[in-house]
*Asks:* 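I have a structure here, written as structure tokens, and I will follow up with some questions on it.
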Amino acid sequence: MASAALENLKATELRLGLPGVEDDSPAPATPRGSKRGIADNKEEEAKTVTAAPAAKAQVVGWPPVRSYRKSCFQQQSKSKPAAEAPAPEKEEAAEAPPPVAGSGSLYVKVSMDGAPYLRKIDLKMYKGYRELREALEAMFLSCFSSGSGDAAAVNPADFAVTYEDKDGDLMLVGDVPFQMFMSTCKRLRIMKGSEARGLGSSSKE
Amino acid sequence: MTYFPEEVVEHIFSFLPGQHDRNTVSLVCKVWYEIERLSRRTVFVGNCYAVRPERVVLRFPNMRALTVKGKPHFADFNLVPPDWGGYAAPWIEAAARGCVGLEELRMKRMVVTDESLELLAKTFPRFRALILISCEGFSTDGLAAIASHCKLLRELDLQENEVEDRGPRWLSCFPDSCTSLVSLNFACIKGEVNAGSLERLVARSPNLRSLRLNRSVPVDTLSKILMRTPNLEDLGTGNLADDFQTESYIRLALAFDKCKMLRSLSGFWDASPFCLPFIYPVCAQLTGLNLSYAPTLDSSDLTKMISHCVKLQRLWVLDCIADKGLQVVASSCKDLQELRVFPSDFYIAGYSPVTEEGLVAISLGCQKLSSLLYFCHQMTNAALITIAKNCPNFTRFRLCILEPGKPDAMTNQPLDEGFGAIVRECKGLRRLSISGLLTDKVFMYIGTYAKELEMLSIAFAGDSDAGMMHVMKGCKNLRKLEIRDSPFGDAALLENVAKYETMRSLWMSSCNVTEKGCQVLASKMPMLNVEVINELDENNEMDENHGGLPKVDKLYVYRTTAGGRDDAPNFVKIL
């Protein structure tokens, strides 16, 4: 049953490759199409595990839950219900997920070469470069895979994450301490590996 | 008909069920227009910028109840920047000048100031009902003004507003002579209120039928209040946290026992599971239950309680209830008409305790279900097809799969067929929100079958302009269309421009519409306001775009008789 089912699964799998092109690289790191409990593909399972930190990828205004509801839950996560978010910061505080103490947020635009539209993420959500990279992988490799017209199969290692700093220069993510990066980063850009070669091919921390 | 005395014609008009019909008879002839406008008591304005407030007041000087809605729906999810607009002041000021008989004001998604509330309180001598939903811009000082000056106040209903807390004083502002309260809802007020004032207010309000407390009100105060309100029909509890002795619970149970008329229950702030059994006796009479602000209750707490609620028609709950909990709902609540399952965790790539199985179980057990809002992490076409067959009576169907673009969990296919089944089977569908992986095909189904559809919400869906075009062509009754993060561009926007005049509004954000397309729309349709909303970018640069045309971040199009509005902020361009 295993190999036939796997074959069928692969046949119906949605990916960026042209039909007939075999894709040997691992599937994007988000749980997609796998019902809980069904894990006949060990690779699939491993990807599900690494996807957990990527859960922090946030899209502005998504899920479509009223700010009022989100802010109520933030209050409930604190020990005493009396504390509330200050009024002018309402929008920012509401965007932060429950466990994070709302000290404001730091939204930057993220573009990816070849993707038709941009995203926004809150840099304050991430503790370091690894979390950030995982979040970006989850966000771009899943959300844009259906709409993008890219012919090439998507392999995370092909991409370099760069950012534009306060001076307007394009920098490779990962060189400076994360906190310093957060304070100078104006926007992020995910470049195709071929273009990024000039800056150094690997951007991993 | 014109030979009848005016009073007779007016009397005949009074039988017309709604504004829509009254608008129609106004068009018959001048005499009817005059009779109708002078006898109109209730006015509904779905978009505050569709018409000037002065014009409304001039036409309907004898109106008693006014409803005005401001920001577009996606403002609920922070997609509309702050200071966009939706100000209540012009409406209240216009009414103050031309319609002092006003008795009721309902506002949704508007910016209301304390000054406006004070003007309201002092101007209208017969004012009796203020209902504010998802509004902002005011504080408890504004409420103090309402409490102090509205001598005949019956309803003060504050639903999910952002209210600045300036202390508990406002509740004490209700004078001793105020005995007319029928409905008081201050659940969204963040601060404390004076328990004594509250108890005294309730004690002198024999007509009180609906009371919704906020999180600060302790259990013992609730118990004392309930002893005084045997006719209460709707209750929002205060704080039900686990700080107290069994004595408090027993008092609460005794108090509940007095409330034989209680039909609807909400609140449950910080509710401890331990207090629930004391509420069981009330459950059998409930038709409405909102547990969606109680993340402290787990699936078994919830199911034990809900299994007692055999008459339930409306249930709002968190996804902690899980699929097995929904099965209990399905077997216990045969009269269920409305179900909302909210996420307890807002992360996109995670998992919910509820899946398509829970929803299928509901559809099997609750055949009267007509309104649904369901957040989950996975769905299948097979499930949706089954649900559609089991519940053909849906009028509102909103499904939110938390991960954008997620396909059928079993087959990895788009969910086109599933939603197609929904629109095909549910012939009375008026509102639909779709999610998950969706191609242009789903829109073809929607355009073909959803003939009664009035409101459609689209996110991360479709492949091309054809998708939106299907909807614009086929959905004859469409009034509100809101789209985000979908690949629809100028061609779709401009395919059927005349249709926008038949709709209240169109919202498109993070799509492929360009400024050029918006300009063309604006020039072809002068009776529309085409608002291009581009949030301030520090570098003042354009985003990545196709073919060098600057893409519009957010677009809001609405029909209007008022022309361009003069209160737009600098990041809104009205074409």
Side-chain angles (χ1 to χ4, degrees), chain A residues 9 12-14 30-36 51-52 54-73 75-77 81-84 87-88 90-91 94-95 97-98 109 111-113 115-119 138-139 142-147 164 168 186-187 189, chain B residues 74 76-79 82 134 136 160-162 164-165 188 190-192 215-216 239 241 269-270 292-293 295-296 342-351 375 378 400 402-413 433 437 457 459-460 463 484-485 487 510-512 538-539 543-544 546 551:
Chain A
L9 193 66
T12 57
E13 185 184 299
L14 285 167
T30 26
R32 201 161 48 122
S34 49
K35 263 182 99 74
R36 294 208 71 70
K56 284 193 182 161
Q58 287 246 314
V59 179
V60 174
W62 191 266
V65 171
R66 281 190 182 168
S67 326
Y68 174 79
R69 178 171 290 279
K70 281 185 177 169
S71 66
C72 282
F73 278 52
Q75 288 178 41
Q76 283 176 326
S77 67
E84 78 275 352
K90 171 199 103 152
E91 192 180 278
E95 281 296 323
K109 292 184 189 172
S111 62
M112 173 157 149
D113 292 355
Y117 32 86
L118 279 69
R119 305 296 292 275
M139 184 182 263
S142 64
C143 297
F144 289 174
S145 57
S146 57
E164 193 181 300
K186 292 276 105 188
R187 57 186 292 167
R189 181 177 158 198
Chain B
F74 274 177
D76 284 352
F77 318 129
N78 295 338
L79 288 179
S134 297
E136 55 174 349
E160 301 190 347
N161 301 291
E162 267 296 322
E164 192 194 327
D165 182 50
C188 64
K190 300 192 252 279
E192 296 189 357
R215 208 168 187 165
S216 74
N239 204 294
W269 304 104
D270 306 307
S292 66
Y293 289 100
T296 40
F342 292 95
S344 46
D345 173 348
F346 306 126
Y347 295 145
I348 296 173
Y351 90 104
F375 286 84
Q378 63 181 55
C400 178
L402 275 101
E403 193 183 317
K406 188 161 184 186
D408 181 315
M410 296 274 268
T411 66
N412 251 341
Q413 293 297 300
S433 297
L437 182 65
S457 307
F460 305 100
D463 306 313
R484 64 165 293 176
D485 293 89
S510 304
C511 296
N512 291 344
E538 275 189 17
N539 303 338
D543 292 338
E544 303 279 333
H546 291 298
K551 273 210 280 191

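So that the names make sense, note that chain A is the first sequence line, chain B the second, and so on, each numbered from 1. Just so it is clear, the model here is predicted, and its values are computed rather than measured.
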*Asks:* Of the listed residues (B:Ser292, B:Ser433, B:Ser216), which shares the most heavy-atom pairs with chain A below a 4.5 Å separation?
*Replies:*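 Counting heavy-atom pairs under 4.5 Å, the top option is B:Ser292.
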
*Asks:* Determine the minimum heavy-atom distance between B:Phe375 and A:Pro63, stating which atoms define it.
*Replies:*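 Scanning both residues completely, I find the closest heavy atoms to be CE2-CB, 4.2 Å.
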
*Asks:* Which pair of heavy atoms, one from A:Trp62 and one from B:Leu402, lies closest together, and at what distance?
*Replies:*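 In terms of heavy atoms, the two residues are closest at NE1-O, 2.7 Å.
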
*Asks:* Between A:Val59 and B:Arg484, is a side chain to side chain contact (heavy atoms under 4.5 Å, CB included) present by the stated rule, with each step listed?
*Replies:* CA-CA 11 Å; A:Val59 179; B:Arg484 64 165 293 176; 3.4 Å; yes

*Asks:* So which part of B:Cys188 gets closer than 4.5 Å to some heavy atom of chain A, the side chain, the backbone, both or neither?
*Replies:*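 Both the backbone and the side chain of B:Cys188 come within 4.5 Å of chain A.
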
*Asks:* Drop me the distance from B:Asn161's CG to A:Tyr68's OH, to the nearest 0.5 angstrom.
*Replies:*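 It comes to 8.5 Å.
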
*Asks:* Would the distance check show the side chain of A:Arg69 and the main-chain N or O of B:Phe342 forming a donor-acceptor pair, the cut-off being under 3.5 Å?
*Replies:*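 A pair under 3.5 Å: no.
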
*Asks:* Indicate the atoms forming the closest heavy-atom contact of A:Cys72 with B:Arg215, along with that distance.
*Replies:*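 That closest heavy-atom pairing would be O-NH1, 3.6 Å.
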
*Asks:* With B:Asp76, which residues qualify under side-chain hydrogen bond (donor to acceptor under 3.5 Å, both in side chains), at least two apart?
*Replies:*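 By the side-chain hydrogen bond (donor to acceptor under 3.5 Å, both in side chains) rule, B:Asp76 matches A:Arg66, B:Arg109.
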
*Asks:* Starting at OG of A:Ser67, measure out to CD of B:Glu136 and round the result to the nearest 0.5 Å.
*Replies:*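 Between A:Ser67 OG and B:Glu136 CD, I get 9.0 Å after rounding to 0.5 Å.
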
*Asks:* Taking all heavy atoms of B:Asn78 and all of A:Val60, pick out the closest pair and write down the distance.
*Replies:*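 Result for this residue pair: O-CG1, 4.5 Å.
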
